[in-house]
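If you're wondering where the values come from, they're calculated on a predicted model, not measured in any experiment.
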Amino acid sequence: MTDSLLDQFDISAGAVRETVAAALSGADDGELFVEYREGESLMFDNGRLKTANFNTERGFGLRAVAGEATGYAHSGEMTLAALKRASDAVSAVKAGHSGLLAESPPGTNRKLYGEDNPIPAPGFGEKAAMLQEIDAWVRARDPRVRQVTASLASSWQHVEILRADGHVVRDIRPLVRINVSVVVGDGDRQETGSHGVGGRSGVAEFLTEESWRKAGEEALRQALVNLAAEDAPAGSFDVVLGNGWPGVMLHEAVGHGLEGDFNRKKTSAFSGLMGEQVAAKGVTIVDDGTIAGRRGSLTVDDEGTPSAYNVLIEDGRLVGYMQDRQNARLMGVRPTGNGRRESYAHAPMPRMTNTYMLAGERTPDEIIASVKDGVYAVSFGGGQVDITSGKFVFGCTEAYRIENGKVTNPIKGAMLIGNGPESMRKIAMIGNDMALDPGIGMCGKGGQGVPVGVGQPHLLMRDMTVGGTRA
């Protein structure tokens, strides 16, 4: 489906425009967000195809903004009746308010990804056969493999954003992810490892034998490392973070605190600190939605604003927040292309795209060699963050001891505990090897999930608290 989504209503596109213009008259801002989405997912688990799903959905969301208030209504029915009901609902937010509609976002001719739908080709049978081949190949690599789970998910999203002045923005977004998880065992002990790859492109590049073997090998390697790991120590240690995916800690512990809504409401640990030193010298953090083909990238955000390269922390100083249109207007700054929503059933809010730290000058070997007694955290799993206090807890899925400047035994059960702003000040060395994650990030906020990217170089953080099971 590549025709205009406005033509999917049971009335003319002109009538849709008139209804939306009337609904938003007197508001400060707002839009009609129309979406069509196809999604497919397959999972091969424990030697058999366990799930296979295909779905389509379409619908619209209508939003009116008046000051700090937002009226939002959505429907899966593309009818005049549904649009009028939504118009009546969102108009309530304008009661007693007389605003001047904000100007539409600037246009862009930039294309960060293709428009081809990744779902139809290759066909279902070929995809299922690939997952089965992954299962067989990983099992043949080591007799300790007890379970393999391989999954493939792809989607194709077509959105159109109509503003009250008739301005329309259109974007078509492909998204693919392949993931491999492996369970290995030795006697009564079992450990797991996982690895995934993905991005905004077709499925074909991830179906190559080179690509899926790399994912399978990495998942198996991590599982075997954890099988040989000893219990993690507890205490205060210098911690070296690996490059790439460990940027997920940066995303959670710092990134959310730099989103505009939390700072406008003064509920972020970074509120009121604009221009101040909030991290060690040399630390520069950006949110960049403009990287071609990346999972978190967007040609335009879900309000129609072109994505951007936004510097958040520069040489340790706080210089910017991520903004959607509403929070930007209320804070007297420009939108940054970070207004995102999960689907037509959700209102937009400030969200990250690809958030990462820029590289420094030290090599990874130099960083590790500087640590006498510490922990090397290569990969993270789940974590918890309190935006207001900045406190976080993250579990390491792959970690090692560092002793006298050398990486030694793998450890399991390590938890990294700290405070976002404080941990940024503890960064003592920054590597020259910045890398982005392999394309697997998903971010939750306010009950909504959106795809994101993370990244960083190797980092040394002094005197971090590590939770473990061995004193």
Side-chain angles (χ1 to χ4, degrees), residues 1 35-58 113-142 145-158 172-184 192-223 245 293-297 342-343 379 381-382 397 437-444 448-453:
M1 179 183 293
E35 176 186 16
Y36 172 81
R37 185 194 298 261
E38 294 182 6
E40 180 185 71
S41 61
L42 298 83
M43 177 183 289
F44 201 88
D45 181 51
N46 207 23
R48 63 188 179 91
L49 187 63
K50 187 173 183 180
T51 61
N53 298 303
F54 175 80
N55 64 82
T56 64
E57 61 177 327
R58 68 173 188 171
Y113 31 79
E115 295 187 352
D116 291 342
N117 189 336
I119 296 175
F124 177 87
E126 186 175 344
K127 295 170 186 172
M130 180 209 67
L131 297 179
Q132 185 174 17
E133 189 173 359
I134 293 174
D135 178 274
W137 185 83
V138 173
R139 290 178 184 277
R141 301 287 290 177
D142 196 288
V145 174
R146 293 184 176 178
Q147 183 171 350
V148 179
T149 303
S151 62
L152 168 63
S154 53
S155 65
W156 188 77
Q157 182 193 32
H158 177 184
I172 294 180
R173 305 163 177 169
L175 189 65
V176 175
R177 173 176 171 172
I178 291 177
N179 197 77
V180 181
S181 178
V182 180
V183 177
V184 297
T192 63
S194 65
H195 188 73
V197 293
R200 293 198 180 277
S201 64
V203 176
E205 69 176 85
F206 300 111
L207 291 183
T208 65
E209 189 169 313
E210 179 183 1
S211 178
W212 63 251
R213 280 194 177 188
K214 182 178 179 181
E217 281 183 341
E218 181 60 20
L220 177 58
R221 183 200 64 79
Q222 187 181 99
W245 176 245
R294 294 299 305 183
R295 182 173 175 85
S297 295
E342 179 178 326
S343 74
S379 186
T397 55
D437 75 282
I440 59 175
M442 199 71 183
C443 173
Q448 299 188 41
V450 296
V452 296

Smallest separation among heavy atoms of [X] and [Y], with atom names:
X      : Y      : value
Pro118 : Gly202 : CB-CA, 3.9 Å
Gly47  : Asp135 : N-OD2, 3.6 Å
Ala223 : Gly193 : CB-N, 3.5 Å
Val182 : Ala219 : CG2-CB, 3.8 Å
Asp437 : Gly453 : OD1-CA, 3.4 Å

Any non-hydrogen side-chain atom of [X] less than 4.5 Å from a side-chain atom of [Y]?
X      : Y      : answer
Ile440 : Trp245 : yes
His195 : Val180 : no
Val197 : Lys214 : no
Arg200 : Pro451 : yes
Phe54  : Glu38  : yes
Val203 : Leu152 : yes

Note to self: Between Ile178 and Leu207, is the side-chain contact (heavy atoms from CB on, under 4.5 Å) condition met? List the steps.
What the structure shows: CA-CA 9 Å; Ile178 291 177; Leu207 291 183; 4.3 Å; yes
Rounded at 0.5 Å granularity, tell me how far [atom1] in [X] sits from [atom2] in [Y].
X      : Y      : atom1 : atom2 : result
Tyr113 : Arg295 : OH    : CZ    : 13.0 Å
Ser201 : Asp116 : OG    : CG    : 10.5 Å
Arg37  : Leu175 : CZ    : CG    : 8.5 Å
Glu40  : Lys127 : CD    : NZ    : 3.5 Å
Ile134 : Asn179 : CD1   : CG    : 10.0 Å
Arg139 : Arg146 : CZ    : CZ    : 12.0 Å

Check: Charged N to carboxylate O under 4.0 angstrom, Arg213 versus Glu209?
Finding: yes
Check: Would you call Glu218 and Arg221 a salt bridge, taking side-chain N to carboxylate O under 4.0 Å as the test?
Finding: yes
Margin query: With a 3.5 Å distance limit and no angle check, can you tell me whether Trp156 reaches the backbone of Glu115 through a side-chain donor-acceptor pair?
Written below: yes
Next item on the list: With Glu35 as reference, evaluate His158, Arg58, Gln157 under the side-chain hydrogen bond (donor to acceptor under 3.5 Å, both in side chains) test and give the passing residue.
Entry: Gln157
Check: Should Leu49 and Gln132 be marked as a side-chain contact (heavy atoms from CB on, under 4.5 Å) after you check the CA-CA gap, both sets of side-chain angles, and the distance that decides it?
Finding: CA-CA 8 Å; Leu49 187 63; Gln132 185 174 17; over 6 Å; no
